[in-house]
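Have a look at the structure below, then the notes.
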Amino acid sequence: MGGAGASDARARQWPFSVVRASDADAFVDALGGDATRVLTRAEDVKKYSVDWMGKYVGASAVVVLPRTTEEVSKVMRHCHARRIAVVPQGGNTGLVGGGTPTRDEVVVSLERMRDIVSIDEDAGCAVCEAGVVLEELESAVRARGMTVPLDLGAKGKCQMGGCVSTNAGGLRLLRYGSLRGSVLGLEVVLPNGDVLDLVRTLRKDNTGYDLKQLFIGAEGTLGVVTKVAISTPRAPRSVNVALFGLESFAKCVEMLKLARGLLGEILSAYEFFDRESLDLVLAQLSGTRDPLPGKPCEFYVVIETSGSDAKHDTAKLDAFLNVVKSQRIVVDGVVGRDEKHAFALWTLRERISVALKYAGAVYKYDLSLPTARMYNLVVVLRDRLRPMFGSRVKVLGYGHAGDGNLHLNVSCAEYDDAIERAIEPFVYEYTRDERGSVSAEHGLGVMKAEEIHYSKDAKAVELMATMKRALDPFGIMNPYKVLPAAAVGLSKL
Ligand code: MLT
Ligand code: ZN
């Protein structure tokens, strides 16, 4: 913890108070005197200061672990009065440095707020605290025949508050749509400590501005999400998974059109990955196997169907298989024989990001692009980087083809500024020229706060900054995330 006298230069650059020992004492008071939930030892704080990939490293001196909304409120009230910067943190599985400190922000971790408040089978919805892990909520609602309309690779660790704050997309957005439609209500602690109770489980509520939408995808820059009400549709009774090998991305797009037409309402996921992605998974993750041995393909697609009648769904899937085979759209395919086999097929797609992490450093880009042209960027970037770096870098393409979302990843042994300069701003300019989005689902975090202009015009950014100032006049909530520094009166990091 710093002393009282920070230098003027530092204060200019970081207009927030240095956290003192007396602030940690105030947090202990806010948490009912429980000093075990205010972490100040460097070895305890460390894991909250660095993100999942080890890419974004801050220097927090204090982590606070509230158990109730009231405790969050008291902590925020103190930070607001003292102008202390705060970063709310969920499962710390983010990919753009949105949930970790940039400097010595106080980390407010929601991990102790893990109650499932209610599950309503008749209405098809659940209310939970922000720290509930996605997979735990899924198990709880599954026991009542329902499902959470969100699924991602990080489900075993990511928390509902974090999912909402990043507007996480994931593997079944194609079926259930974005969280902006599934989240029915929220409770949020505002930067000044006030509690905004927007927890409702109504499907329809047309009483003016839909304020909860402000906090969905705000990445903790406007307040701390403490409770989530979410719709929980009936779990599908019949699920099929199939994996196909294809010779070109154009064939993946052709097959998507067919899948939409022939599988229709039972199509619940359409995910693709390229040869480089599969090779990396097979090399990095033990227990994985080539799904189509002896038939190497350039592209793979995982299709999932979810419905309520196994006979009907199987008939539809069979008809679809006949068409894609007879029209030679696919080289080959395999249908999951049972749950274990289906899980193994899904693993090849779901765990690419884990394989990338094991392989070393990774530059991750999460882009919305016109589906038919989406893979061109992978090819163009490969051609651009090869003469400069040869086999030192690998360019991988995978993602949610059914949602027009490309995950473009550049894998290398170590982070290297020369590689980064060769990728950026090239990738962002390419995306802008396609009228795409530089963040399809991961958010902007600290990584892309300064790049927002590639996807939003100046007027929109100005309005966002006006909203930020209205809710957080001192700018203490997650500084340097989402909005460019200059737009909210900060000096560059
Ligand atoms: C995924 O779709 O696998 C996730 O968004 C993570 C990633 O992009 O690597
Ligand atoms: Zn994704």
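In this text the structure is predicted, and so the values were computed from the model without any measurement. Whatever order the structure lists them in is the order used to number ligands and atoms, beginning at 1.
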> So among C158, C163, S182, which one has a side-chain contact (heavy atoms from CB on, under 4.5 Å) with L150?
Replying inline: C163
> Which of these, F272, F273, Y300, Y398, sits in a ring pair (Phe, Tyr, Trp, His ring centres under 6.0 Å) with F249?
Replying inline: F272
Which atoms of ligand 1 have any heavy atom of [X] under 4.0 Å away?
X: E441; result: 2 (O), 5 (O)
X: H407; result: 1 (C), 2 (O), 4 (C), 5 (O), 8 (O)
X: H400; result: 2 (O)

Considering only non-hydrogen protein atoms, determine which one is nearest to [atom] and report residue, atom name and distance to 0.1 Å.
atom: atom 5 (O) of ligand 1; result: H442 NE2, 2.8 Å
atom: atom 7 (C) of ligand 1; result: Y398 OH, 3.4 Å
atom: atom 3 (O) of ligand 1; result: R349 NH1, 3.0 Å

Is the [atom1] atom of [X] crowded by more than 12 outside heavy atoms at less than 6.0 Å?
X: R432; atom1: CZ; value: yes
X: E43; atom1: CD; value: yes
X: R328; atom1: CZ; value: no

> Given NE2 of H400 on one side and OE2 of E441 on the other, what angle do they make at the Zn ion (ligand 2), to 10°?
Replying inline: 90°
> About how many Å separate CZ of R435 and CG of L369, when rounded to the nearest 0.5 Å?
Replying inline: 13.0 Å
>> Measuring from non-hydrogen atoms of E271 to any atom of ligand 1, is the shortest distance under 4.0 Å?
In response: no
> ligand 1 versus L95, non-hydrogen atoms closer than 4.0 Å: side chain, backbone, both, neither?
Replying inline: side chain
> Got an N, O or S from H442 under 2.8 Å of the Zn ion (ligand 2)?
Replying inline: no
>> Filter on side chain to side chain donor-acceptor pair (under 3.5 Å), then keep only pairs touching residues 412-422, sequence neighbours left out; what's left?
In response: R392-D416
